[in-house]
Amino acid sequence: MTVRTRIAPSPTGDPHVGTAYVALFNYCFARQNGGEFILRIEDTDRERSTPESERMILDALRWLGLQWDEGPDVGGPYGPYRQSERGAIYRQHVDELLAKGHAFRCFCSTERLDALRLEQRAKNLPLGYDGHCLALSPEESERMAADGVAYVVRMKVPRAGQCLVKDLLRGDIVFEWSQVDMQVLLKADGMPTYHLANVVDDHLMGITHILRGEEWIPSAPKHLLLYGYFGWDAPQLCHLPLLRNPDRSKLSKRKNPTSILFYERMGYLPEAMLNYLGLMAWSFPDERDKFTLQEMVAEFDLERISLGGPVFDLTKLNWLNGRWIRESLDIQQYAERVRQWALNSEYLMAIAPLTQQRVERLSDLGPLTLFFFSGYVNPSPEALVGGKLDADAVRRVLDALTRRFDALVAWNRDAIDAVVRAVAAELGLKLKDMLKPVYVTITGNPSGVPLFDAMAILGKDLCRARLRQARAALGEAEEEEEPETEVAAG
RNA sequence: GUCCCCAUCGUCUAACGGUUAGGACGCCAGCCUUUCAAGCUGGUAACCCGGGUUCGACUCCCGGUGGGGGCACCA
């Protein structure tokens, strides 16, 4: 049997390094075994999925060089590879479960479910559906559905006994069925949930091995149960350790740059990114720390994955990236990479209109545009609070901007303008006063080219990173004064 | 709260019953060098705790502790 693995990202935001990390392992495992690597888009969340996000994720994975054999863009024998286009398939499988009595319609309102959860939490009971609609007879259920009463479909779960999950890395994991929730399989909008869609698709697409994040371990029993309900053999499961923030929590954009786009704009080479990701939880047999994707494929071995969650620490990535730049590129290739990175005509043409009126000599361009060719600009706390706002006000401005920019989908001049004005209004500040520290945050200087245009060109990821850096430079709000210390010191 | 996963230098990791616990990043020092890098050399630093099993435990078992994740009509 041909080994088939997949990466199944949800197009609900920026391309995440965690996606690249899991994709890398799936890619290596498939290639190592002469198998196939599939890309599937899990866009069953109608609210949050966007085509734009899907495009960015595909571009990012391509940039890294993780080429898939089948996917929404290249097609393949098991398509469509976009879950939103497989509605009929899920519907059919839900009907099958309903007919076999493995699933039931649930007409409970969200209000009732919220109240139930609240009560369970208050009483310190395990959270989960209480089986209310299980009492409905099939006839009643049919009639209500026919009458147009909104419902979801939930899976039935045994009330007693245990479920054995076999994990390639962790061995046997035992769960009590009593603690497994009666998961929703089909949402009220007719879309399947992840649990149903991933089982149906993995089976139909012939996936033999599922390498996914550790966060999925608790839902494995549900998936196994579904495979059983359908009478299918389940794929091998393998849960990879999660990438961590420096504080060891799950990697998150609040604490770390998580967008692959950030690393690209920052000037990391895709070879180095992949190499570094390969160093996370996995090690080369001879312990070398620099290797290509091809070398990793050749030597890949699940056994060499360590289970402690690795901290995604930029210092070693920096060192590795430096090695790739100076050891693996000749001087022409290096120059070409620099050109592709920022000295390309598209980028230059975006910057040119902002600078033409502001230079007397072409050489004025250097200091004026330095921040366009930098990652971080390292503003000092003094420069940030130099204007009319005190440190605390600047902190609030940076926090509010970060929060609103995160929610912004379209990153362009007008949208940025609107956000900044909204924050000024929210905090009751004059736009002019507020702009000063923001200008320093983004450009590292007190004045220069128009800010909003500059931010639009710079991109969301670099702006976000600079906001965080400036915020960090200011530290936390001052503690209560400690006059004693002052007096004693005097 | 509850269920599950995990545990070697600050960080990434090696070790798969017997090693002075190895390597890499970072940091420190020296060398090299017109500066700075790079490079080279050396140094710093770890087996979470307590019980077992064993002639012998970082390695196996149990219990603590600690960290993490899940507990959505999000994936």
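Proteins come first, then strands; the chains are lettered A, B, ... in the order of their sequence lines, and each starts at number 1.
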Classify C163(A) by what it touches in the nucleic acid, base, sugar-phosphate, or nothing, heavy-atom distance under 4.0 Å.
nothing
Taking the side chain as C-beta and beyond, is there a heavy-atom pair between Y229(A) and K100(A) under 4.5 Å?
no
Within the 4.0 Å heavy-atom criterion, would you say R212(A) contacts the bases, only the backbone, or no part of the nucleic acid?
nothing
Value in whole Å for how far the C1' atom of rG70(B) lies from OH of Y129(A):
21 Å
One should read off an interatomic distance between F25(A) CZ and L211(A) CG, to the nearest 0.5 angstrom, of 9.0 Å
Mind checking A197(A) for me? I need base, sugar-phosphate or nothing, with any heavy atom below 4.0 Å counting as a touch.
nothing
Counting just side-chain N and O atoms, does S283(A) come under 4.0 Å of either OP1 or OP2 of rA14(B)?
yes
With under 30° as parallel and over 60° as perpendicular, where do the rings of W282(A) and F284(A) fit, or are they tilted in between?
perpendicular
Between L66(A) and A20(A), which heavy-atom pair has the shortest distance, and what is it?
CD1-O, 3.9 Å
To the nearest Å, give me how far apart CG (L169(A)) and C1' (rC16(B)) are.
15 Å
Whole-Å distance separating the CG atom of L317(A) from the P atom of rA24(B):
19 Å
Give M191(A) one of three labels, base, sugar-phosphate or nothing, depending on what nucleic acid heavy atoms sit under 4.0 Å from its own.
nothing
Contact class for R48(A) (heavy atom, under 4.0 Å): base, sugar-phosphate, or nothing?
base
Sugar-phosphate, base or nothing in reach of R121(A), heavy atoms under 4.0 Å:
nothing
Should R40(A) and E42(A) count as an ion pair when the cut-off is N to O under 4.0 Å?
yes
For R304(A) and rC16(B), is the shortest distance between a side-chain N/O and OP1 or OP2 below 4.0 Å?
no
First locate atom OG1 of T5(A), then atom CD of Q32(A), and finally report the distance between them rounded to the nearest 0.5 Å.
12.0 Å
Just to confirm, is there a sub-4.0 Å distance from OP1 or OP2 of rA75(B) to any side-chain nitrogen or oxygen of T44(A)?
yes
E303(A) atom CD is separated from rA15(B) atom P, nearest whole Å, by 11 Å
Between CH2 of W319(A) and C1' of rA37(B) the distance, given in whole Å, is 16 Å
What is the distance, to the nearest angstrom, from the NZ atom on K166(A) to the C1' atom on rC5(B)?
17 Å
What is the pairing partner of rG50(B), taking Watson-Crick or G-U wobble pairs with both distances under 3.5 Å in any strand?
rC62(B)
Give none if rC31(B) has no partner; otherwise give the nucleotide forming a Watson-Crick or G-U wobble pair with it, both distances under 3.5 Å.
rG39(B)
Pairs touching residues 276-293 of chain A that satisfy salt bridge (Lys or Arg N to Asp or Glu O under 4.0 Å), sequence neighbours left out:
D286(A)-R288(A), R288(A)-E295(A), D289(A)-R323(A), K290(A)-E327(A)
Would you kindly give the CG-to-C1' distance between D167(A) and rG69(B), to the nearest whole Å?
14 Å
Under 4.0 angstrom between K187(A) side-chain N/O and rA75(B) OP1 or OP2
yes
Sugar-phosphate only, base, or nothing, as touched by V174(A) at under 4.0 Å among non-hydrogen atoms
sugar-phosphate
d(CG, N198(A); P, rC74(B)) in whole Å
15 Å
Does anything in residues 264-281 of chain A pair up under salt bridge (Lys or Arg N to Asp or Glu O under 4.0 Å), and if so which pairs, sequence neighbours excluded?
E271(A)-R337(A)
Protein-to-nucleotide contact annotation, 5' to 3' order, nucleotides 60-67 of chain B [B base; S sugar-phosphate only; - none; under 4.0 Å, heavy atom]
-------S
